[in-house]
Amino acid sequence: MSVDVTTSPTPELSPSTRRWFHSAVVYQVYPRSFQDSNGDGIGDLRGIIARLDHLAALGVDVVWLSPVYVSPQDDNGYDIADYQDIDPTFGTLADFDELLEQAHARGIRVVMDLVVNHTSDEHPWFVESRSSKDNPKRDWYWWRPAREGMEPGAHGAEPTNWEASFSGSAWEFDEGTGEYYLHLFSRKQPDLNWENPQVREAVYAMMRWWLDRGVDGFRMDVINMISKDTSLPDGHLTHGGLYGDGSPHYLCGPRIHEFLQEMHREVFEGRQDRLLTVGEMPGVTVEEARLFTDPTRREVDMVFQFEHVGLDHGAHKWDRRPLQLVDLKASLGRWQAGLADVGWNSLYWDNHDQPRAVSRFGDDGEHRVASAKLLATVLHLHRGTPYIYQGEELGMTNVPFAGAESFLDIESVNYFATAMGQGLAAEEVLEALRDGSRDNARSPVQWDASPNAGFTTGTPWFPVNPNHDVINAEREVADPDSVFHHYRRLIELRHTDPVVADGDFHMLVPEHPTLYAFTRSLGPETLLVLANFSGEDLAVPELPGQPDWSGAELVIGNHADPVAPEDAGLPVLRPWEARVYRRRG
Ligand code: TEU
Ligand code: CA
C-alpha cells in the first residue's frame, strides 16, 4: 500500500457535493436491549427483524447496529473476538443476511459498528500475539517492557502513566512474556497497532467482506485513536493524581488522516456513493472535523463530536454540573458554522453511551412529552444527519437506579469501585452514576405495558424501566400527538423540504438563557425555529435582523393547538414549546 495523502479535488466530489445522507435520518439499534425473540432475556437479530416495521413506520433511512460480532461481552460487544461471525447470543450469519434483506426491502440501509482500535483479548490475533515475544503477530498490538530500572509488574512500572477509560492503568502486565500491553479501554480490549501494515490490511479485508455481503457502511468506534505518538510520552496527572491523561498522544495522532485516506482507497473507493461512514471521535475539534469530512480528501462522511455532551461535565465525566443553554447554543452553533462550506455534521443527543436526552436536556417529569418533542425539533432542524437512539422516539427516560448493585456497565462498575477505594462518599458517587451512567441508555426498549414491556418473554438481562406502563411504543403509535409521531413528522419534513437538509443555518439571540432560536434558508425559503428550554412561559423577544413573521405558516409545533405568530409578529411560547415557521420570498 502506498502512502499518498492527496487532497486534490475531483469533479465528482467537490466540497459542496450533495449526498444522499443530507436528507437521511439514522436510527441506532443497541441489539442487546432492542427486542428478544427467543426468551433468553437478551435482544437479538431475529428480534430486530420482528420490529423492522416500527422503524419503517417511523420513516428512518438507515439503521446503525451496535456490535453483534462474536464477543466475550466484557463491554457489551465492543470487545470483538471474531470480526466475521455473529455472536450466538444475537443469532447467526443467516439471521444477519435476512435482517439485511428485510431492511433493504423496506428501503432501510444497514450500517455496521466497526471496532478496530482494539480487539478482544480473546481474539485469535491477540492470543497469538501474547503467546511469545517472537510470535509473528507480536507487533500487531502495543507491547512494551516495564519502565527502565523498575521491577516489571510493580506499581508505577507501567510503560506510561496513562489512565484507561474504564479506570486504572491503560497497561496490563502479562506474566507470560514479562511485558505490558496497551488497552485504552478495558484490559480485555487490547489496542491494535495500526503502525503495522499487516494489521491495516487485515482490517480492510474484513471491511470489504462485509460490504460485499451487502452492508451499507460503518460507524467507526473511537477511530481517531488508531494513530498514537509512537514515542508514548507520559500525560499530565489527572484529577486523582494517580494517572496521567494520555489523550494528547493518541487522539487524532500523527498518521490519522493518512490511515483514513488509505482505508478509503482500499475499502470504499468506487462504492462510496451508496455508503455512509461516520467516525466516532472523542475530543475532535471543528478544525479537525473539516479535514476529516471534506469530501475531496476522501476520509469519512461525518464524525461524532463530543463537545455538546461534555458541557455538563466538570473536571471529568463524574463531576456533573448543570447545563447552560447558552453554552449548548455556542457549541452547536460553532459546529454548524464550521462545517457550513466544507464537510458535514452528524447530530445527536443520545446514544448507548449517554444518559437519556429528555432526562438530561429536557424535563422528564411534568413536561416530558413537550420537552422530548422540543429536543427532537431543535436537533432535526439543524444542518447535518440526525441520529435517533432506540427509545428516544418514545421519550424514554433515565433509569431509577436503586443502589450500586443496579449498575451493570463496566465503566460504572469500575468507577464505583475506584471511587470507593479513594474514600469518596458512596451517596455522592451514586448520584453521579444515576445522572451519567451509560446504563441509563441500556434498559430495554419499551414496546408495550405488559410486565416485561414486550421486550422478552423471559427474564430481561437488564430490568425494564417501571415507567413502561405509561411510556411505550404501542400507546404512542396509537396516539397521533405522541413523541413517536412528532419524530415521524420531523423525518418526513427532512425528506420533503430541501431547506431542512441543505439550508444555511443562522443562530439568533445566542445570549438568551432559555430561548433556542435559529433560521434555515435556501433560495426564497426560510424556516424560523423557536424553542423554549424552560418550564415558564416565554415571550419571544425581538429577533435582530429578522423580518416580520406575523402570519407565517406554522410548519410543525409540539403543542396540539397551532397558533400563528401574534400581531406583534412573535409568539409567547408555553413551557418547553417549540415551533417552526416558514416564509417564502
Ligand atoms: O465509546 C468511546 C468513548 O469515548 C465514550 O463515549 C465512552 O463511552 C466513554 O468511556 C464514556 O465515558 C466507544 C463505544 O461507543 C463505547 O460503547 C465503547 O465502550 C468504547 O468505544 C470502547 O469500544
Ligand atoms: Ca435472545
Side-chain angles (χ1 to χ4, degrees), residues 30 32-33 66 71-79 115 117-118 120-121 155-156 158 160-172 182-191 221-222 225 235-247 250-251 280 282-283 306 309-323 350-356 359-360 389 398-443 461-463:
Y30 193 66
R32 172 171 282 273
S33 304
S66 276
S71 163
Q73 306 288 327
D74 184 54
D75 185 20
N76 288 358
Y78 283 90
D79 48 316
V115 189
N117 173 69
H118 43 268
S120 164
D121 65 337
H155 181 70
E158 293 86 7
T160 74
N161 65 359
W162 299 0
E163 183 170 20
S165 256
F166 298 152
S167 303
S169 169
W171 295 93
E172 180 74 4
L182 176 67
H183 60 87
L184 294 180
F185 292 89
S186 96
R187 62 169 60 90
K188 287 185 68 62
Q189 292 167 301
D191 281 53
D221 194 67
V222 291
M225 300 189 188
H236 291 295
L237 288 186
T238 54
H239 48 278
L242 269 182
Y243 296 103
D245 173 15
S247 64
Y250 61 73
L251 291 181
E280 190 210 23
F306 281 70
V309 291
L311 296 173
D312 54 2
H313 299 177
H316 56 93
K317 167 169 178 165
W318 305 111
D319 176 15
R320 316 287 300 176
R321 61 177 190 199
L323 175 86
D350 254 353
N351 60 43
H352 65 293
D353 294 332
Q354 302 292 334
R356 289 284 180 182
S359 301
R360 183 182 197 180
Y389 178 65
N398 278 354
V399 172
F401 296 102
E405 69 294 338
S406 321
F407 295 92
L408 302 182
D409 175 35
I410 182 169
E411 183 190 45
S412 297
V413 170
N414 289 2
Y415 174 66
F416 187 78
T418 303
M420 291 306 95
Q422 292 167 347
L424 301 190
E427 216 19 72
E428 272 167 43
V429 174
L430 282 178
E431 262 323 293
L433 285 173
R434 284 190 186 101
D435 272 6
S437 173
R438 310 196 295 182
D439 278 330
N440 281 304
R442 300 178 180 188
S443 69
W461 74 276
F462 192 106

- Query: In chain order, what residues pass the side chain to side chain donor-acceptor pair (under 3.5 Å) check against Arg438, with sequence neighbours excluded?
  - Reply: Asp75, Asp353, Asp409
Calculate, to the nearest 0.5 Å, the distance between atoms [atom1] and [atom2] belonging to [X] and [Y] respectively.
X	Y	atom1	atom2	value
Leu430	Phe416	CG	CZ	5.0 Å
Asp439	Ile410	CG	CD1	11.5 Å
Glu280	Met225	CD	CE	7.0 Å
Ser186	Glu172	OG	CD	9.5 Å
Asp319	Glu428	CG	CD	10.5 Å

- Message: Please list all pairs meeting salt bridge (Lys or Arg N to Asp or Glu O under 4.0 Å) that have one or both residues in residues 413-425, counting only residues at least two apart or in different chains.
- Response: none
Indicate yes or no for a side-chain donor-acceptor contact from [X] to the backbone of [Y] under 3.5 Å, with no hydrogens or angles considered.
X	Y	result
Gln422	Met420	no
Ser437	Ser412	no
Arg434	Gly403	no

Return the minimal non-hydrogen interatomic distance between [X] and [Y], and the atom names on each side.
X	Y	value
Leu184	Asp191	N-OD1, 2.8 Å
Pro190	Ser120	CD-C, 3.7 Å
Asp121	Lys188	OD1-NZ, 2.8 Å
Asp312	Val309	OD1-O, 3.8 Å

Run the side-chain contact (heavy atoms from CB on, under 4.5 Å) test against [X] and tell me which residues pass, sequence neighbours left out.
X	value
Ser71	Gln73, Asp79, Asp87
Asp245	Thr238, Ser247, Pro248
His313	Lys317, Arg320, Arg360

- Evaluate the side-chain proximity of Phe185 to Val222: yes if any heavy-atom separation is below 4.5 Å, no if none is. yes
- Query: Does the side chain of His352 pick up a donor-acceptor pair with the side chain of Tyr78 at under 3.5 Å?
  - Reply: yes
- Message: Between Asn76 and Tyr30, is there a side-chain donor-acceptor contact under 3.5 Å, judged purely by atom types and distance?
- Response: yes
- Message: Determine whether Val413 and Leu408 satisfy the following criterion, side-chain contact (heavy atoms from CB on, under 4.5 Å), listing intermediate values before the conclusion.
- Response: CA-CA 6 Å; Val413 170; Leu408 302 182; 5.6 Å; no
- Task: Applying side-chain contact (heavy atoms from CB on, under 4.5 Å), run through Val115 and His118 and close with a yes or a no.
- Result: CA-CA 7 Å; Val115 189; His118 43 268; 3.4 Å; yes
Result block: side-chain N/O donor-acceptor pairs under 3.5 angstrom for residues 163-171, not counting sequence neighbours:
unit_1, atom_1, unit_2, atom_2, d
Ser169, OG, Trp171, N, 2.9
Ser169, OG, Trp171, O, 3.4
Trp171, NE1, Thr160, OG1, 2.8

- Message: Ring-plane angle category for Trp318 and Tyr415, please: parallel below 30°, perpendicular beyond 60°, tilted otherwise.
- Response: parallel
